[in-house]
Amino acid sequence: RVFTGRGVFCGERATDRFNSLAVLMASGKEGEFYHPVWGTTTAYLTDLQMEQESRPEHIVYSFAFRETDEHGCIPRLPENEEFYG
């Protein structure tokens with residue numbers, strides 16, 4: 001599964017919180033992802049974008065997490081099979 005969405009960090013620590021997500025993505029490590037409907041799973045943060053309407057104490061961002069399989073790998077998506085050969 002791919003989980004995408006948008007979020008907002010507000011307040012004095014908004015930039016710090018966004019930077020924490022950027023460090024998580026740069027680390028290339030999987031982690032626990034909680035979704036209120038589908039529960040908890042293991043996933044990688046694969047995309048993180050700061051949106052244009054952001055300002056120092058109001059960071060608007062978009063994200064994508066990719067769920068991992070039982071081996072900690074990201075499974076191939078069916079729509080990308082042509083790239084895998």
Side-chain angles (χ1 to χ4, degrees):
R1 294 179 288 187
V2 179
F3 300 95
T4 60
R6 288 178 51 127
V8 178
F9 291 124
C10 297
E12 293 177 5
R13 300 200 56 225
T15 301
D16 293 337
R17 290 183 175 139
F18 178 82
N19 288 340
S20 292
L21 283 179
V23 167
L24 174 66
M25 190 170 100
S27 75
K29 295 180 182 178
E30 63 184 334
E32 205 171 77
F33 176 81
Y34 171 76
H35 189 280
V37 175
W38 296 297
T40 302
T41 189
T42 304
Y44 285 97
L45 178 58
T46 58
D47 187 46
L48 179 65
Q49 302 290 322
M50 184 183 297
E51 303 297 332
Q52 287 187 344
E53 61 265 32
S54 295
R55 51 191 189 276
E57 293 188 5
H58 185 87
I59 306 294
V60 181
Y61 64 97
S62 59
F63 62 86
F65 284 86
R66 288 283 309 273
E67 184 175 36
T68 62
D69 63 16
E70 64 276 2
H71 305 291
C73 299
I74 296 175
R76 295 178 177 178
L77 293 174
E79 63 266 23
N80 293 331
E81 273 306 311
E82 65 189 56
F83 299 110
Y84 301 124

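Remember, it's a predicted structure, so these values are computed and weren't measured experimentally.
- Within the model, atoms CG of Leu48 and CZ of Phe18 stand 4.0 Å from one another, a figure rounded to the nearest 0.5 Å.
- If you take CD on Glu30 and CZ on Phe65, they are separated by 12.5 Å, rounding to the nearest 0.5 Å.
- Side-chain N or O atoms of Thr42 include none that pairs as donor or acceptor with a backbone N or O of Thr68 at under 3.5 Å.
- The aromatic rings of Trp38 and Phe3 are tilted relative to each other, their planes meeting at an angle between 30° and 60°.
- Atom CE in Met25 sits 14.0 Å away from atom OH in Tyr44 (nearest 0.5 Å).
- Between atom OG1 of residue Thr41 and atom CD of residue Glu32 there is a gap of 9.0 Å, rounded to the nearest 0.5 Å.
- One distance of note links OG1 of Thr40 with CZ of Phe33; it measures 9.5 Å at 0.5 Å rounding.
- Of the candidates Glu57, Arg17, His58, His58 is the only one forming a side chain to side chain contact (heavy atoms under 4.5 Å, CB included) with Cys10.
- Taking both residues in full, the closest heavy atoms of Pro56 and Ala14 are given as O-CB, 3.9 Å, listed atom of the first, atom of the second, then distance.
- Here Phe9 contributes atom CZ and Asn19 contributes atom CG; the two are 10.0 Å apart, rounded to the nearest 0.5 Å.
- Of the listed residues (Val8, Ile59, Thr15), just one forms a side chain to side chain contact (heavy atoms under 4.5 Å, CB included) with Ser54, and that residue is Ile59.
- Side-chain contact between Leu21 and Tyr61: present, with at least one pair of heavy atoms (C-beta onward) separated by less than 4.5 Å.
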